[in-house]
Amino acid sequence: MTKVQATISSFWSKGSEKKAKPRTDGGGEGVADATEPKRARKENVQSSNSVEVMDREADVKVPKTDAGTVQDDAEAKKVEVEKETTTEERATKKKAVAVRKLTSETGEKSKNAEAETSTDKASGATWKAGQPVPYQFLAVGFGKVESITGRLEITDILRRMFQTIVETTPEDLLPAVYICVNKLGAPQEGLEIGVGEGILIKALSHTCGKSVNALKDEFRKVGDLGDLAASMKASQRTVFKPAPLTVRSVFKEFKAIAKSSGRSAMDEKRARIQKLLVASEGAETKYLARAFQGKLRIHIADKSILAALAESFPRPEETVERVGSDMSAASLLTHAYNQHPVWDTMLNYLLNNRVVDSGILDACKLTTGVPISPMLAKPTKGIDEVVEKFSDQPFTCEYKYDGERAQIHHLADGSIQIYSRNAENQSEKYPDVKLAMKDVLGPDYSNSEYILDAEVVAINPQTNHILPFQSLQTRARRDVSVAEVKVAVCVFAFDLLYFDKPLIHDPLKQRREKLRACFVEKEPVFTFAKGCDMNDPGEITDYLHESVKGGCEGLMVKQLLGPAATYEPANRSQNWLKVKKDYLEGLTDSLDLVPIAGYYGKGKRTGVFGAFLLACYNPESEQYETTCKIGTGFSEAQLTEFSEFYNEKDRIIGGRKSYYVFSGSTSLEPDVWFEESQVWEVRCADLTVSPAHTAAIGSVDPEKGISLRFPRFLRIRPDREPQNASSSEQIMEMYLAQP
DNA sequence: GTGTCCTGTGTGC
DNA sequence: GTCAGACCCATTCGG
DNA sequence: CCGAATGGGTCTGACGCACACAGGACAC
């Protein structure tokens, strides 16, 4: 018993030093098939096979009992660990709480764990504590997760995976989490894998010997490169079996692929991908391929990982009142992550402390130099909805500028860093902004650290008028000097998140006062977003029209006071609403267009067309001119319906009709061409000059056509014939009528 | 070797 | 960016 | 009073356009 105690206490007290000592006690054994979904609440099936990994792991540390049913296991462990608790209490209170919490939680869970018998024992990957976790372990878990849709179950499977890793090889938790979220590091580090469909297909082709074109055809049918890779691999005989992949080696290899650059970088990437694919087995192949492509497609993202991590560690009751002490484990982690979105920091804390407590908010705190996930606004369908939601509270309306979100940090070292909405470091792109920010701080504040939330918008430097988003896009991104800047820009600041201390818990009114007190406008490069505080919702309409006239997309409506007016990072909160002009009567851009081609759907759209090529009609030339692709706005039933419709009665034709005007753009090249048959009503936000589409070509630009921004399907127009679709001329007029 | 064009990839919205 | 679908959870409805 | 129905909120993954950048292919 003493020996076991030593094991357990070392388990709890051991920090997460980078190099965890190999365990000397023989260690636990991880089991790849750790993932039977727990269906406790749904079905009460009992099975002697339904031992959770947690329990097995506990068995290793606790003297073995004759494992029988789950209940027995759980009881046995509970007893043992409770004995531990008394021992632990002599050590530190915190630990004691932690252990007790774990006891009650896992004990309870185990009791309810009448999970179904797992049928997937195929992998059989096991490893000893301290040894690298096999990648197979994750891959098998991904398979389970993918096969179900319930969030609770998904979270539970992830939880078990994480707990197993923590108990065997905690230093693998970080790479495991990164593999789960399919990222290579914090976004501001700017590491991208640089692999897509193309390279992956090439690599596959080299691996399996099939031609690239054959694989592309297969891919169209299968709709998923992971599934395709897996089926290729399954049909192949492995001559000799390379060493099994591990979580850490795979993650390391991902990074290596990302970092390869320069001459023949593509060859190197391809070679590394091939090596991994060759070494992979079963589910590994599928998820490796998907990881390269950047889509794991297993219904998990950051939020699910946070939820699972929250359940992977005990949540002690906190006696001392402090910020967050009353929060649930999940909301604690979410808050911590949202204000400091770096997995390394979070996992470091969790592994060091082995609890989820409010201390994590100190570990993951709002810091200049670490971009926070920006607060987002909820789309509304119109002003009525705003009125309904903000009936009594005071609110403010701000112009919604059509530019790029920018989070501007002033660090303690005096440097300025600019981050995008997705936390990419954009500082290189905006040397002019960095320069301008040097003197926007009011007197007495020049040494203050701050985080500003703003929108960067292209402007005409002569008139100071706002330019469309398309102009902003043409700015160079890398290694730009002030002299090289081609498109002038104005920063419209609208929030202040940090000013020598975090402000996100203050109401907007206060933050805004601080913003206006500490910063000075510097026309035309730095101004405060135009806004207007209102009590009467009736004023909104006029203001909206005004904003649109000023070149904006609409309005942001925000609560000013009270708890609903704090800054909620990463939340698409009800407290910020956006009213876009394209939802409003009279300002709506709606067109009638003709589907002339289709694209095979991928992923969950496999088997139906996932998108269509739409055209307008030019009565003068009697030709159809492509206007946009469309792939959203359909229900699943409609997609099925349209696929059936176009597959009937020779509506799919051998090739492009001579009177379909197509630019030849490879990315638009359809899978099949259609007979012009229907008219669809489509909505968009704007019309744009297009290098790829041919609608009204030559009218606003000698070589370019017109296309749609944010097109979505509304409905079929059964009352219209293709020749009555919107005309090229109408589209040109709509383009010219834009503010 | 150098310049130009094309393609794939990753950003922004 | 838009959008639909699935799930979860709280609330309301109906027997 | 309790289970069923309902509705709002959240999360995920389909898909859109335009652009810059990096590397590869090709011509000279």
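Throughout, a chain's letter reflects where its sequence line sits, starting with A, and its residues are numbered from 1.
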Just to confirm, is there a sub-4.0 Å distance from OP1 or OP2 of [N] to any side-chain nitrogen or oxygen of [X]?
{"X": "Ser690(A)", "N": "dC17(D)", "result": "no"}
{"X": "Thr149(A)", "N": "dC7(C)", "result": "yes"}
{"X": "Lys580(A)", "N": "dT2(C)", "result": "yes"}

Original post:
Residues in ring-ring contact (aromatic ring centres under 6.0 Å, His included) with Tyr735(A), at least two apart?
Top reply: none
**OP:** Would you check, one step at a time, whether the test side-chain hydrogen bond (donor to acceptor under 3.5 Å, both in side chains) holds for Glu146(A) with Tyr287(A)?
**Re:** CA-CA 11 Å; Glu146(A) 187 185 356; Tyr287(A) 295 109; 2.5 Å; yes
**OP:** With DNA chain B as reference, determine whether Glu424(A) or Met266(A) sits nearer its 5' end, using the nearest nucleotide of each.
**Re:** Met266(A)
Using a cut-off of 4.0 Å on non-hydrogen atoms, how would the nucleic acid contact of [X] be classed: base, sugar-phosphate, or nothing?
{"X": "Gly403(A)", "result": "sugar-phosphate"}
{"X": "Gln426(A)", "result": "sugar-phosphate"}
{"X": "Ser667(A)", "result": "nothing"}
{"X": "Lys400(A)", "result": "sugar-phosphate"}

Taking only residues two or more places apart in sequence, or in another chain, which ones meet [X] in a side-chain hydrogen bond (donor to acceptor under 3.5 Å, both in side chains)?
{"X": "Asn422(A)", "value": "none"}
{"X": "Asp453(A)", "value": "Arg405(A), Tyr567(A)"}
{"X": "Lys602(A)", "value": "Glu197(A)"}

Original post:
Once the angle between the rings of Phe634(A) and Phe642(A) is folded into 0 to 90°, is it parallel (under 30°), tilted (30 to 60°) or perpendicular (over 60°)?
Top reply: perpendicular
Distance in angstrom units between [X] [atom1] and [N] [atom2], rounded:
{"X": "Arg683(A)", "N": "dG1(C)", "atom1": "CZ", "atom2": "P", "value": "18 Å"}
{"X": "Asp267(A)", "N": "dG24(D)", "atom1": "CG", "atom2": "P", "value": "7 Å"}
{"X": "Lys381(A)", "N": "dA4(C)", "atom1": "NZ", "atom2": "C1'", "value": "11 Å"}
{"X": "Leu200(A)", "N": "dG10(B)", "atom1": "CG", "atom2": "P", "value": "11 Å"}
{"X": "Glu568(A)", "N": "dG9(D)", "atom1": "CD", "atom2": "P", "value": "13 Å"}
{"X": "Leu191(A)", "N": "dT9(B)", "atom1": "CG", "atom2": "C1'", "value": "14 Å"}
{"X": "Glu192(A)", "N": "dG12(B)", "atom1": "CD", "atom2": "C1'", "value": "13 Å"}
{"X": "Leu467(A)", "N": "dC13(B)", "atom1": "CG", "atom2": "C1'", "value": "16 Å"}

Identify all side-chain donor-acceptor contacts of residues 255-262 of chain A below 3.5 Å with residues at least two apart in sequence or on another chain.
unit_1: Ser260(A); atom_1: OG; unit_2: Ile257(A); atom_2: O; d: 3.3

Original post:
With Asp671(A), which residues qualify under salt bridge (Lys or Arg N to Asp or Glu O under 4.0 Å), at least two apart?
Top reply: Arg220(A)
Subject >> salt bridge (Lys or Arg N to Asp or Glu O under 4.0 Å) involving Glu268(A) - partner list, sequence neighbours excluded >> reply: Arg272(A)
Original post:
When you measure from the side chain of Ser261(A), which nucleotide among dT11(B), dC13(B), dG23(D) comes out closest?
Top reply: dG23(D)
Subject >> Proximity to the side chain of Ala265(A) - top-ranked nucleotide from dG5(C), dG12(B), dG23(D) >> reply: dG23(D)
Original post:
For atom NZ of Lys389(A), is the number of surrounding heavy atoms from other residues, nucleotides or ligands below 6.0 Å larger than 12?
Top reply: yes
Please list every donor-acceptor pair under 3.5 Å in which a side-chain atom of residues 477-487 of chain A meets a protein atom from a residue at least two apart or in another chain.
unit_1: Ser481(A); atom_1: OG; unit_2: Glu484(A); atom_2: OE1; d: 3.3
unit_1: Glu484(A); atom_1: OE1; unit_2: Ser481(A); atom_2: N; d: 2.9

**OP:** Five pairs at each end of the helix from dG1(C)-dC15(D) to dG15(C)-dC1(D): take the axis at both ends and give me the angle between them to 10°.
**Re:** 20°
Original post:
Is the NZ or CZ atom of Lys629(A) both under 6.0 Å from the centre of the six-membered ring of Phe612(A) and within 45° of that ring's axis?
Top reply: no
Original post:
Between Tyr399(A) and Phe494(A), is the ring centre distance below 6.0 Å?
Top reply: no
Restricting to nitrogen or oxygen on both sides, can you table the protein-nucleotides 4-8 of chain B pairs closer than 3.5 Å?
none

Original post:
Is there a residue in residues 470-488 of chain A whose heavy atoms reach under 4.0 Å of DNA chain B, and which residues are they?
Top reply: Gln473(A), Arg477(A)
Subject >> Ionic contact status for Glu553(A) with Lys581(A), cut-off 4.0 Å >> reply: no
Subject >> B/S/- contact track for nucleotides 10-16 of chain D, protein heavy atom under 4.0 Å >> reply: -SSBBSB
Subject >> Point-to-point distance, once rounded to the nearest 0.5 Å, from CD1 of Ile706(A) to CD1 of Ile697(A) >> reply: 10.0 Å
